[in-house]
2 protein chains.
Amino acid sequence: MENQQMSPMRKHSKKRDAILRCVRSTTIHPSAEWVYQQLKPDYPQLSLGTVYRNLNLFREEGAIASLGVVGGLERFDGNPNPHVHFVCLRCGAVQDVGELQLPVELMQQAEHYISGEIEQCTLSFSGLCSQCKSGDSSPHC
Amino acid sequence: MENQQMSPMRKHSKKRDAILRCVRSTTIHPSAEWVYQQLKPDYPQLSLGTVYRNLNLFREEGAIASLGVVGGLERFDGNPNPHVHFVCLRCGAVQDVGELQLPVELMQQAEHYISGEIEQCTLSFSGLCSQCKSGDSSPHC
DNA sequence: ACAAAAATAATAATGAGTGCTATTATTATT
DNA sequence: AATAATAATAGCACTCATTATTATTTTTGT
């Protein structure tokens, strides 16, 4: 059993820092493309691939979280602590519902009924956000 | 306000029936591709586009449900009644947790904290299924 | 400054899903 | 049963989010 994969030494990168700062500085739960557009003015040489690569890196190490795919785009969350979300089915806007607790007590119960080991609990609500409810036809997220 | 879009008269189709039967006959929460592969032997002329089109049709009219994207593939559920799921983070297998109730009472509470109207509640657990836990490296879903 | 290695830019490639159109199947009507 | 109207499909082109590739640039230790 040779060639134990050793993770390469992490080097510092200004763009990587900026990407993390960007995701952490908003609650809109952005896509890679959104982060790219935000940083483009300050980093004209930034490449979309770099945004994708670093977002995945941060997600893998738990620095940020992924909400999964909403309307065809993977959405990220600068707050990696599990919490409840509300997703608009029409425009894809995501809101935090920080006031509600996740039903973590159900995790142990659920494990009795499935074959496997439960690690995470995801609770989210969906419907229409106020703007979409009031017939706003312009995209706003 | 003319040209009220009138939905075209629905005609019967053997393939459409087979697609619905296929999704309803399993609990693996299949992807379009899986349904296509299942039906191919019995319907050699079946087109993947037809599977996509009809799955979307059934989802829109509420005959089936979508679990969203798991590992890059949209997964469907022949049981349109909301219920709890367990998703394996490694292989993407989905199990029902029919014994647990959805915390629907939280829907009203959540609506106090967000701006919008909540319609649905989604609760799912994730982790490693038993096969993936025991180091099974072959795909099994 | 120099060398080694990690990070990036630019671009090609991938692949799930959708759109398009000629053909086929279904249904109602003779 | 033939006909006509139209819905559904097959086959394939296309879109577009994401990943892979590679030559170049940046970082970091010496």
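Keep in mind the model is a prediction, meaning the values are calculated, not measured. We name chains A, B, ... by the order of the sequence lines, and we start the count at 1 in each one.
B:L48 comes within 4.0 angstrom of nothing in the nucleic acid, heavy atoms only.
Considering only heavy atoms from C-beta on, A:Q120 stays 4.5 Å or farther from A:P82 through its side chain.
A straight line from CE of A:M9 to C1' of D:dT30 spans 12 Å, rounded to a whole angstrom. Note: CD (B:Q37) to P (C:dA16) measures 11 Å, nearest angstrom. One interatomic measurement links the two molecules: CG of B:L46 to C1' of C:dA25, which rounds to 15 Å at whole-angstrom precision. The CH2-P distance, from B:W34 to C:dA16, rounds to 17 Å in whole Å. Taking atom CG of residue B:D17 and atom C1' of nucleotide D:dA8, one finds them 12 Å apart after rounding to whole Å. Protein atom CD of A:E33 is 11 Å distant from nucleotide atom C1' of D:dC16, rounded to whole Å. Look at CZ on B:R10: it is 16 Å from C1' on C:dA25, rounded to the nearest Å. When rounded to the nearest whole Å, the span between CZ of A:R16 and P of C:dA9 equals 12 Å.
The number of heavy atoms from other shown groups lying within 6.0 Å of CD (A:Q108) does not exceed 12. With a 6.0 Å radius and a threshold of 12 heavy atoms from other residues, nucleotides or ligands, B:E99 has its CD atom above the threshold. Shown here is A:Q101, whose CD atom has no more than 12 heavy atoms of other residues, nucleotides or ligands within 6.0 Å.
Here CD of B:Q131 is found 7.5 Å from OG of A:S115. Values are rounded to the nearest 0.5 Å. One distance of note links CG of B:D77 with NE2 of B:H29; it measures 4.0 Å at 0.5 Å rounding. Atoms OG and CE, from A:S126 and B:M107 in turn, are 7.5 Å apart once rounded to the nearest 0.5 Å.
Where A:K15 and B:E74 each meet DNA chain C at their nearest nucleotide, the meeting point lying more 5' is that of A:K15. Both B:H12 and B:V69 lie close to DNA chain C; mapped to their nearest nucleotides by heavy-atom distance, the more 5′-ward contact belongs to B:V69.
Judged purely by atom type and a 3.5 angstrom limit, A:T26 has no side-chain atom pairing as donor or acceptor with the backbone of A:V23.
Donor-acceptor pairing under 3.5 Å, judged by distance alone, is present between the side chain of B:K11 and the base of D:dT6.
For A:A32, the side-chain contact (heavy atoms from CB on, under 4.5 Å) partners at least two apart in sequence or on another chain are A:V51, A:Y52, A:L55.
Consecutive pairing runs in DNA chain C reach the stem threshold at C:1-30 with D:1-30, where a stem means at least three Watson-Crick or G-U wobble pairs with distances under 3.5 Å.
OP1 or OP2 of C:dT11 has not a single side-chain nitrogen or oxygen of A:S47 nearer than 4.0 Å. Proximity of A:K14 to the phosphate of C:dA7: no side-chain N or O atom is located under 4.0 Å from OP1 or OP2. Residue A:T50 places at least one side-chain N or O closer than 4.0 Å to OP1 or OP2 of C:dA9. Regarding contacts with the backbone of C:dA25, every side-chain N or O of B:Q45 stays at 4.0 angstrom or more from both OP1 and OP2.
Cluster membership check: B:L100 shares its hydrophobic cluster with A:L102, using side-chain heavy-atom separations under 4.5 Å among Ile, Leu, Val, Met, Phe, Trp and Tyr.
Taking every heavy atom of residues 52-59 of chain B and every atom of DNA chain C, pairs under 4.0 Å involve B:Y52, B:N56, by number.
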